[in-house]
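Input: a single structure, listed below in structure tokens.
Whatever order the structure lists ligands and atoms in, that order sets their numbers, starting from 1.
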Amino acid sequence: MNKHVENIQSDNAVALYAMNAGEGPHSYVQNSTYQKGALDVAKAILEEEIATKLDIKTPNGYYGIADFGCSTGHNSFPAMQIIIQALNKKHKHHQTSLPKTPEFYVFFNDVVSNDFNTLFSSLPPNDHDYHAIVVPGDFHGRLLPESSLHFAYSSWSLQWLTEVPKAVADRNSPAWNKGQILYTQDEKEVYEAYLSQYGKDIESFMEARAVEMVDGGLMALLVPAVPAVWNPKTEYTVPCDVNLNLGSCLMDMAKEGRMSETKIDTFNIPYYVPTPPQLKEILERSNDSFTIERMEILNNTAGKHTVGTINARAAFFRAVHERLLADHFGSEIIDELFDRYMNKLAASPVFLNPDNDKTIVILAVLKRKARRH
Ligand SMILES: C[S@@+](CC[C@H](N)C(=O)[O-])C[C@H]1O[C@@H](n2cnc3c(N)ncnc32)[C@H](O)[C@@H]1O
């Protein structure tokens, strides 16, 4: 298939991944403090890595920075500010012969259906000293010119797959995910199909960035992950909460005749959350154009506690999953589904306590190796 046509089709599939638009009560803007918690912890590490590891020549005093999967910007702006301030400091320190104030271009990327209007209208008016540019499209493919990017950033976005693994949706395959909306570690075939798709997708992401980044440029990835071992009797993770609680609410609705079970069998959420060793292995094999400079597990306790109430947790899940759910099941079921989800949480001492949430966030910092000429 023609590469251009392929890209458009992939854009259509991932278009459903956009977070809830606007700034209303169900929006991503109002319900993404869980994710923001990780950035607050990453700040000092990002500053240190830029100060010590960034290794680029900027003959014209220009820096390109991109946020891949920026959503409506609320969590992206503080991240861009941290990166630009650190780049500025480094530039002033080292590049004495170059213009004192370099120019910064920030490329905000997300899927084509993302609410970029909200992003632009909420750009901090007096607090951003960069040119803001929108780059809509699937970040698994090339989006920017060759060697134009000095810093690549992506937070809470790489878990989204390009598609539901085909075997998972195929009723004749041993990996058919009947009655569930996501993988569990117990269903080996399903789990492996998801993991394999994740590996391929990260590979494509790294390949595209390898072309776009300048030699010596840095990439910071904030990746949701789960520990290799945790106790499902007393602990949980976000994917397990989604599958078990949101999934069983849908099943309850099917049992009550509100929808068919086939409707649930044909719905699978297209994301995967790796363990730290899985991510490390995938990054190592993904592309030999990068070195891994640092991989650290961030303590996101503060972020988790921002969704410590039933209402906050349901709103956080709704802001992330509503489009996908509404596209498949119809928007008329959404209020009821999340009411049921809240009832389910209220009845569960394990899921009610944010300290039992064992989801982790990995900060991976990579450097673009020098190209061989
Ligand atoms: C959970 S949000 C994270 C937003 C923000 N980075 C943050 O940290 O809060 C994930 C974002 O990734 C975007 N996304 C998912 N797959 C994508 C793809 N293939 N290309 C571009 N953006 C994608 C979604 O549309 C969504 O806005």
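- The closest approach between Asn109 and ligand 1 falls below 4.0 Å for a heavy atom of the residue.
- Side-chain contact between Ile282 and Pro274: absent, with no pair of heavy atoms (C-beta onward) separated by less than 4.5 Å.
- Listed by number with element, the atoms of ligand 1 under 4.0 angstrom from any heavy atom of Tyr17 are 15 (C), 16 (N), 24 (C), 25 (O).
- Lys36 has a carboxylate O that lies under 4.0 Å from a charged side-chain N of Asp40, or vice versa, which qualifies the two as a salt bridge.
- Taking the ring centroids of Tyr191 and Tyr272, they lie under the 6.0 Å cut-off.
- Scanning the protein heavy atoms around atom 1 (C) of ligand 1, the nearest turns out to be Trp156 O, 3.3 Å.
- Those atoms of ligand 1 with a heavy atom of Ala18 less than 4.0 angstrom away are 25 (O).
- Contact annotation: the side chain of Leu298 approaches that of Leu222 to within less than 4.5 Å [non-hydrogen atoms, C-beta and beyond].
- For Ser76, the heavy-atom gap to ligand 1 stays at 4.0 angstrom or more.
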Exercise. Verify ring-ring contact (aromatic ring centres under 6.0 Å, His included) between Phe317 and Phe338, making sure each step is shown before the conclusion.
Key: CA-CA 9 Å; Phe317 270 18; Phe338 283 95; 7.8 Å; no
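- With a 4.0 Å heavy-atom cut-off, ligand 1 is reached by no atom of His74.
- In terms of protein heavy-atom proximity, atom 27 (O) of ligand 1 is closest to Asp110 OD2, 2.6 Å.
- In summary, the atoms of ligand 1 found under 4.0 Å from a heavy atom of His140, numbered by their order in the structure, are 19 (N).
- When each atom of ligand 1 is checked for a heavy atom of Met19 under 4.0 Å away, the hits are 1 (C), 2 (S), 26 (C), 27 (O).
- Ion pair Arg318/Asp335 flagged as a salt bridge, since at least one NZ, NE, NH1 or NH2 atom sits closer than 4.0 Å to an Asp/Glu carboxylate oxygen.
- Within the 4.5 Å cutoff, side-chain heavy atoms of Ile269 are placed close to those of His321.
- For atom 8 (O) of ligand 1, the closest non-hydrogen atom of the protein is Ser155 OG, 2.5 Å.
- Assignment of Ala38 to the shell around ligand 1 is not supported, since no heavy atom sits closer than 4.0 Å.
- Heavy-atom contacts of Trp160 reach the following atoms of ligand 1: 10 (C), 15 (C), 16 (N) (cutoff under 4.0 Å).
- Looking at Gly69 next to ligand 1, an N or O pair under 3.5 Å apart turns up.
- Using a 4.0 Å cut-off between charged nitrogen and carboxylate oxygen, Glu256 and Arg258 do not count as a salt-bridge pair.
- Under a 4.0 Å criterion applied to the non-hydrogen atoms of Val111, ligand 1 contributes the atoms 17 (C), 18 (C), 20 (N), 21 (C), 22 (N), 23 (C), 25 (O).
- Residues Glu212 and Arg142 meet the side-chain proximity criterion, which asks for heavy atoms closer than 4.5 Å.
- Inter-residue side-chain proximity for Ile50 and Ile83 is flagged as met; some heavy-atom pair is nearer than 4.5 Å.
- Nearest protein heavy-atom contact of atom 11 (C) of ligand 1 is Ser157 OG, 3.5 Å.
- Side-chain atoms of Arg209 and Phe290, non-hydrogen and from C-beta on, do get closer than 4.5 Å to each other.
- Heavy-atom proximity to Gly137, at under 4.0 Å, picks out these atoms of ligand 1: 20 (N), 21 (C).
- Taking only nitrogen or oxygen atoms, main chain and side chain alike, Phe139 reaches within less than 3.5 Å of ligand 1.
- By the 4.0 Å heavy-atom criterion, Tyr28 is counted among the residues contacting ligand 1.
- The Ser71 neighbourhood of ligand 1 comprises atoms 4 (C), 27 (O), with distances under 4.0 Å to a heavy atom of that residue.
- Inclusion of Asn114 in the set of residues having an N or O under 3.5 Å from an N or O of ligand 1 is not warranted.
- With rounding to the nearest 0.5 Å, the separation of CZ in Phe316 from OG1 in Thr309 is 12.0 Å.
- Annotation: Asp138 places an N or O atom under 3.5 Å from an N or O atom of ligand 1; distance criterion only.
- Counting heavy atoms under 4.0 Å from ligand 1, residue Ser32 does not touch it at all.
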Quiz prompt | Test side-chain contact (heavy atoms from CB on, under 4.5 Å) applied to Val350 and Tyr236, step by step | solution = CA-CA 8 Å; Val350 170; Tyr236 66 92; 4.1 Å; yes
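- Residue-to-ligand polar distances place Asn75 within reach of ligand 1: an N/O pair is separated by less than 3.5 Å.
- Transitive grouping of hydrophobic side chains (ILVMFWY, heavy atoms separated by less than 4.5 Å) keeps Trp230 and Val273 in distinct clusters.
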